[in-house]
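Please read the structure below before turning to the comments.
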Amino acid sequence: MPTPQKIRKAVFPAAGMGTRFLPATKATPKEMLCLVDKPLIQYGVEEAVAAGCTEIIIVTGRGKTTMEDHFDRSPELEASLAAKNKTALLEIARSVSRLAKVVTVRQPEPLGLGHAVLMAKELVGNEPFCVLLPDDIVDASIPCMKQMVEAFHEVQSSILASEVVEGPAISAYGCLDCSPHPGNPRLHAVRDLVEKPKFEDAPSPNAIIGRYILTPRIFEMIEGITPGAGGELQLTDAIKALLQHEKVFGFSYQGKRHDAGDKQGFLRATVELALKHPDLGPGFRNWLQEQTF
Ligand code: G1P
């Protein structure tokens, strides 16, 4: 039996143009939109770090360098805060750059999620890794990726976070055909998967959400696929190919997902997370209760 492998690296596909958020994303990366008091991508990075990852690989594109700056040291800001004795703010600024080692790689053309993940092949190397889609914010008492890493240690196979969605909404997701896995009610053995099926063709209401743990063989699978739904190289199709070689599991995580990649979802996430925020929450709740709208 091979030595169980640790998950050390997390890939963040973040090269998209964010057109659903225009005009906000004309010159600002969608991943840098501020949800309550930090940018979207920081939620995912903190989740990956909480799951034990030490290396963050951001797959980025033109005009998106503010993401790198965000996770880097900021000497002028730090000097200015230190000179004014603003120690609490200084600690906030420094803590972001200490989260993890952050490296970037470019996706030169938007050829799909599978292609974005392929861009990280050299940086990931021959080890299992996780993928977090920054649009999906998962609010959970145990961070979603930490739950998945624990499940990975059990099965040593690729794992896709999944949730049940009602009705035709399944057409916006990758969809799993799966059966229960004996011994762990959160794990489901995947039999098949299909990207953005028509409602009537969907094999189940189990949608893939933006958290994956993948074995490195996925890169070879991505290299072998042809454009699928939307004319893009789909990660879902590569995982389907992976099924021919290895087991793949769906995972019913504990927590609540917000689709912050959509204006409505972003607004809802803002209100819910603001209400839960330790400093801002109580005052915001009082203010909301006073409103008549
Ligand atoms: C991507 C994946 C899809 C998955 C979804 C989760 O789709 O291709 O399988 O269900 O993320 O958010 P996208 O939302 O990028 O169209």
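All values derive from a computational prediction rather than experimental measurement. Each ligand, and each atom within it, is numbered from 1 in the order the structure gives. Residues take their numbers from the sequence shown, with the count starting at 1.
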Please determine if Gly174 has a nitrogen or oxygen closer than 3.5 Å to a nitrogen or oxygen of ligand 1.
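Such a contact does occur with ligand 1.
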Is the shortest N/O to N/O distance between Tyr173 and ligand 1 below 3.5 Å?
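In fact, backbone or side chain, Tyr173 has no N or O that close.
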Does a side-chain N-to-carboxylate-O contact under 4.0 Å join [X] and [Y]?
| X | Y | result |
| --- | --- | --- |
| Arg8 | Glu55 | no |
| Arg98 | Glu91 | yes |
| Lys121 | Glu223 | yes |
| Asp139 | Lys256 | no |
| Glu47 | Lys146 | no |

Using a 4.0 Å cut-off to any heavy atom of Thr236, which atoms of ligand 1 qualify?
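The atoms of ligand 1 under 4.0 Å from a heavy atom of Thr236 are 9 (O).
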Under a 4.0 angstrom heavy-atom cut-off, which atoms of ligand 1 come close to Gln234?
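Those atoms are 8 (O).
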So which heavy atom on His70 is nearest to which on Val96, and how close?
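Heavy atoms of His70 and Val96 come nearest at O-CG1, 3.3 Å.
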Is a side-chain N or O of His181 found less than 3.5 angstrom from the main chain of Asn184, in a donor-acceptor match?
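Not confirmed, His181 side chain does not pair with Asn184 backbone.
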Taking non-hydrogen atoms only, is Asp136 closer than 4.0 angstrom to ligand 1 via side chain, backbone, both or neither?
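The part of Asp136 near ligand 1 is the side chain, not the backbone.
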Heavy atoms only: which of Leu235, Asp135, Ile208 is nearest to atom 5 (C) of ligand 1?
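The residue whose heavy atom sits nearest atom 5 (C) of ligand 1 is Ile208.
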Nearest to atom 2 (C) of ligand 1 by heavy atom, Glu232, Glu163, Glu195: which?
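Ranked by closest heavy atom to atom 2 (C) of ligand 1, first place is Glu195.
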When you measure from atom 16 (O) of ligand 1 to every protein heavy atom, which one gives the shortest distance, and what is it?
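Ranking protein heavy atoms by distance from atom 16 (O) of ligand 1, first comes Lys196 NZ, 2.7 Å.
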For atom 11 (O) of ligand 1, find the nearest protein heavy atom and state the residue, atom name and distance (0.1 Å precision).
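The closest heavy atom on the protein side is Leu133 CD1, 3.3 Å.
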For atom 13 (P) of ligand 1, is some protein heavy-atom partner under 4.0 Å away?
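When distances to the protein are checked, atom 13 (P) of ligand 1 has a heavy atom within 4.0 Å.
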